Asker: 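Right, I'll just put the structure down here and ask away after.
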Protein chains: 2
Amino acid sequence: MPASGSDALSSAPVLSATAAPASLAATAPAAVHAPLGERPREYSRPLDLKRGFIDMNHGAGGRLSAQLVTDIFIPAFDNAFLRQGDDGARLPVPPGCALVMATDAHVISPLFFPGGDIGCLAVHGTINDVAMLGAVPVYLSVSMVLEEGFPLADLVRIARSMGDAARDANVAIVCGDTKVVERGKGDGLFLSTTGIGFVREDLHICGAGARPGDRILVSGTMGDHGIAIMSWREALEFETTLRSDTAALNGLVAAMMGAAPTDAIHVLRDPTRGGLATTLNEIASQSAVGMLLQEVSIPVDRQVNAACEMLGLDPLYIANEGKLVAVVDADAAECVLAAMQAHPLGRRAACIGSVIADRNGFVQMDTRVGGRRVVDWLSGEPLPRIC
Amino acid sequence: MPASGSDALSSAPVLSATAAPASLAATAPAAVHAPLGERPREYSRPLDLKRGFIDMNHGAGGRLSAQLVTDIFIPAFDNAFLRQGDDGARLPVPPGCALVMATDAHVISPLFFPGGDIGCLAVHGTINDVAMLGAVPVYLSVSMVLEEGFPLADLVRIARSMGDAARDANVAIVCGDTKVVERGKGDGLFLSTTGIGFVREDLHICGAGARPGDRILVSGTMGDHGIAIMSWREALEFETTLRSDTAALNGLVAAMMGAAPTDAIHVLRDPTRGGLATTLNEIASQSAVGMLLQEVSIPVDRQVNAACEMLGLDPLYIANEGKLVAVVDADAAECVLAAMQAHPLGRRAACIGSVIADRNGFVQMDTRVGGRRVVDWLSGEPLPRIC
């Protein structure tokens, strides 16, 4: 019975990149569980998925909570692990791997925006946090806080978006929980996702790995997500609608790892809240190094630049949701960059600077106009509820 | 450097109960990470932990977000995995185990109540979901949605409560995320926790495991948590303050598993939202069996009973947060029950009935007055935001 789930996992193309979880199918649980989705429906009234609304009963843990799961979540996320129907999921573990766990809360407003919605954003964000430690993301859990009165049609749309995003990234949503709060005590939907992945035990990609001489690569244009949300909120008009870059980066990471020797990629991180500037400061601090960037090399979309000027924002501090920063051994930088540019999510990848020795951990930048300045951490709040 | 974390894990007394993760320490990650907690503080202003409040900047991902982590969460949750300081945690995996993952959203109101608070409740609830599949809970992640204006003193108190609850249960809080929403868009604090545990591959405790002839055990009095919250909210007065039973059940599960042959415990589940009645209906449905209970055998605290009569509630539908239901082979029921009664969390454990053959999955009860009635699922909403 767990065949579909483990098939999906074992055939995941990214899994081979770290050479580890190929035996996931072999370690699938032996117990046969009654598939929740195939049980006879015993609900007195069908949910009105087009015109219905969430009420407090949907969060009470009784029959209506179960109906929400069988009628909305199981069809959207469908996989054998979820259908075990217990309060947790029992999952196979590939041998010889360390586990990577990451979690994100999502409170983005509005819930739907050009390029995505809170559902795919939450799936992508957590997959990316797992992938940034060099791990292959495999399992996700989902926890939702719904506000009474939330339209069921929106919930269906968001659940489908989560399911699609997870399937596209070869990740299974294996367990979840849903609570409901009274009208006026929430804001539609808050969504927390936790991801699990596996990484070869000899692979150590982490924020403390940057060394002087390393090259700093980014996978594409900076600031697209945050500016798309702000433009949408403020109803700013451009030649074309600015779209969020939200995307799962595990495929790009696999391509990069396949192109370089095992130890060549020292750090991976996705520059989300706080943007590129904050992410680089975090890495510099963790690794006790400095960084020197070339402003002219940092890719920024022309329209994003225009919007930033209009809104008084700096694209280096704006959140991305489908981009990564890589700190790479100088010798391997060229082939890693080429692998990024050959991937659909890395077409505008660029080398933006180098790691330098600096015990103070300063990130500096040679500016377009010829000066050099310190690029500090984000300290204010330019964009609330951007993810 | 990860010594303290892996020591804590390998010395966990419950770990030996499933005989699996004894080698956790041996598989600890080899990479040495800069301990976040020991980095020089670079914050311009200290947080006012006594009189300060959450503002939108604390959720922006910049310096103030980092300050919240280093000044509140790291000291409260302290362990080597959390101090890795990356967007996810890299964790050792014991060999020869399946993984169990469970998640919960917590929206309880009020945040502090007799017997606990949202922090320890969230830790206990997720530990229990993992333990109910026979797994040893080892790692937790935490995701918080804070409302602007939330008192920092309350956040400190809740974080400490989480850290204490996790340490008491030998579980490490290894990663987290915090978001802030505007005043009026949340309700103080919502908390999602995800737990990971490991279970011997040959052990299959799950909701589908009940068989006719099995005995149904409960670990103590029913309804304490829900009635404690309701009495507190409604300011009902009793001889003594009714307290929530919130507790981590992994130690009790280990004691039960140690007392019986490997395959004797078929199902474990904690009767939270929906109470005992809903939990038994779930198990009956998953296992395609019926159940026959003896009302007179179901333990209910005298004051909880009085409160239920006053509020028009049935204790069988009221949430528990430190109790479990076990469906156990008839031959082993006596020794499992004795092990429960010998444990501090199972003193009032009792056998409340048996599993019977019934393809319709009805849960029936011989009542105190001599009749027999069907105990149905919870379908209404007696108690909103009870967990």
Side-chain angles (χ1 to χ4, degrees), chain A residues 29 31 33-34 39 56-57 60-63 84-93 97-105 107 129-130 132-133 139 141 143-145 174-177 179 181 185-187 190 192 194 196 204 206-208 269 273-274 278 285-286 377-381 384-385, chain B residues 29 31 33-34 39 56-57 60-63 84-93 97-105 107 129-130 132-133 139 141 143-145 174-177 179 181 185-187 190 192 194 196 204 206-208 269 273-274 278 285-286 377-381 384-385:
Chain A
H33 304 278
R39 269 198 261 153
M56 294 302 290
N57 290 329
R63 209 187 282 273
Q84 290 170 9
D86 289 306
D87 285 348
R90 185 189 171 106
L91 307 163
V93 173
C97 288
L99 189 149
V100 167
M101 183 179 198
T103 196
D104 281 309
V107 299
D129 281 347
V130 171
M132 293 306 120
L133 291 174
Y139 308 123
S141 71
S143 144
M144 296 192 182
V145 177
V174 298
C175 59
D177 189 29
K179 294 280 158 68
V181 296
K185 299 291 186 181
D187 196 17
F190 303 137
S192 289
T194 301
I196 289 180
H204 290 284
C206 64
R269 193 161 289 179
R273 273 187 300 180
T278 301
S285 166
Q286 277 184 272
W377 294 62
L378 171 68
S379 59
E381 159 73 10
R385 298 187 57 188
Chain B
H33 304 277
R39 268 197 262 154
M56 294 302 292
N57 291 329
R63 208 187 285 271
Q84 289 170 8
D86 289 307
D87 286 346
R90 185 190 171 106
L91 308 164
V93 174
C97 288
L99 189 150
V100 167
M101 182 180 200
T103 196
D104 281 309
V107 299
D129 281 347
V130 171
M132 293 306 120
L133 292 174
Y139 308 123
S141 71
S143 144
M144 295 190 183
V145 176
V174 299
C175 57
D177 190 29
K179 294 282 157 66
V181 297
K185 300 291 188 182
D187 195 17
F190 302 138
S192 290
T194 301
I196 288 179
H204 290 284
C206 65
R269 191 161 291 177
R273 271 188 302 180
T278 301
S285 166
Q286 276 184 275
W377 294 63
L378 171 70
S379 60
E381 159 73 11
R385 298 186 59 188

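Computed over heavy atoms, backbone and side chain alike; hydrogens, waters and symmetry mates excluded. If you're wondering where the values come from, they're calculated on a predicted model, not measured in any experiment. We name chains A, B, ... by the order of the sequence lines, and we start the count at 1 in each one.
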Asker: Please classify the contact of A/M132 with chain B as side chain, backbone, both or neither, using a heavy-atom distance under 4.5 Å.
Answerer: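 Neither part; nothing is under 4.5 Å.
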
Asker: What distance separates A/R90 CZ from A/C175 SG, expressed to the nearest 0.5 Å?
Answerer: 14.5 Å

Asker: Heavy-atom distance under 4.5 Å between the side chains of A/R269 and B/D86, does that happen here?
Answerer: yes

Asker: If you tally heavy-atom pairs under 4.5 Å against chain B, which of A/A102, A/G88, A/A89 wins?
Answerer: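 Going by pairs under 4.5 Å, I would pick A/A89.
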
Asker: Counting only heavy atoms closer than 4.5 Å, note whether A/V145 contacts chain B via side chain, backbone, both or neither.
Answerer: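 Looking at A/V145, just its side chain touches chain B.
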
Asker: Would you mind reporting whether A/D177 and B/R273 have side-chain heavy atoms less than 4.5 Å apart?
Answerer: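 The answer is yes; the side chains approach within 4.5 Å.
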
Asker: So which of B/G176, B/G274, B/S141 has the biggest tally of heavy-atom pairs under 4.5 Å with chain A?
Answerer: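 Looking at each option in turn, the highest pair count goes to B/S141.
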
Asker: What are the two closest non-hydrogen atoms of A/S143 and B/A105, and how far apart are they?
Answerer: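 Closest pair (atom of A/S143, atom of B/A105, distance): OG-CB, 3.2 Å.
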
Asker: Chain B: which of A/L133, A/T103, A/I196 shares the most heavy-atom pairs with it under 4.5 Å?
Answerer: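 Between A/L133, A/T103, A/I196, the count favours A/T103.
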
Asker: What residue, out of B/V174, B/V130, B/T194, has the most heavy-atom pairs lying under 4.5 Å from chain A?
Answerer: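 So the answer, after comparing B/V174, B/V130, B/T194, is B/T194.
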
Asker: Decide yes or no for B/M56 and A/R385: does some side-chain heavy atom of the first lie under 4.5 Å from some side-chain heavy atom of the second?
Answerer: yes

Asker: Looking only at heavy atoms, what is the nearest atom pair of A/K185 and B/F190, with distance?
Answerer: O-CZ, 3.3 Å

Asker: Who among B/D87, B/T278, B/L99, B/D187 has the most heavy-atom pairs with chain A under 4.5 Å?
Answerer: B/L99

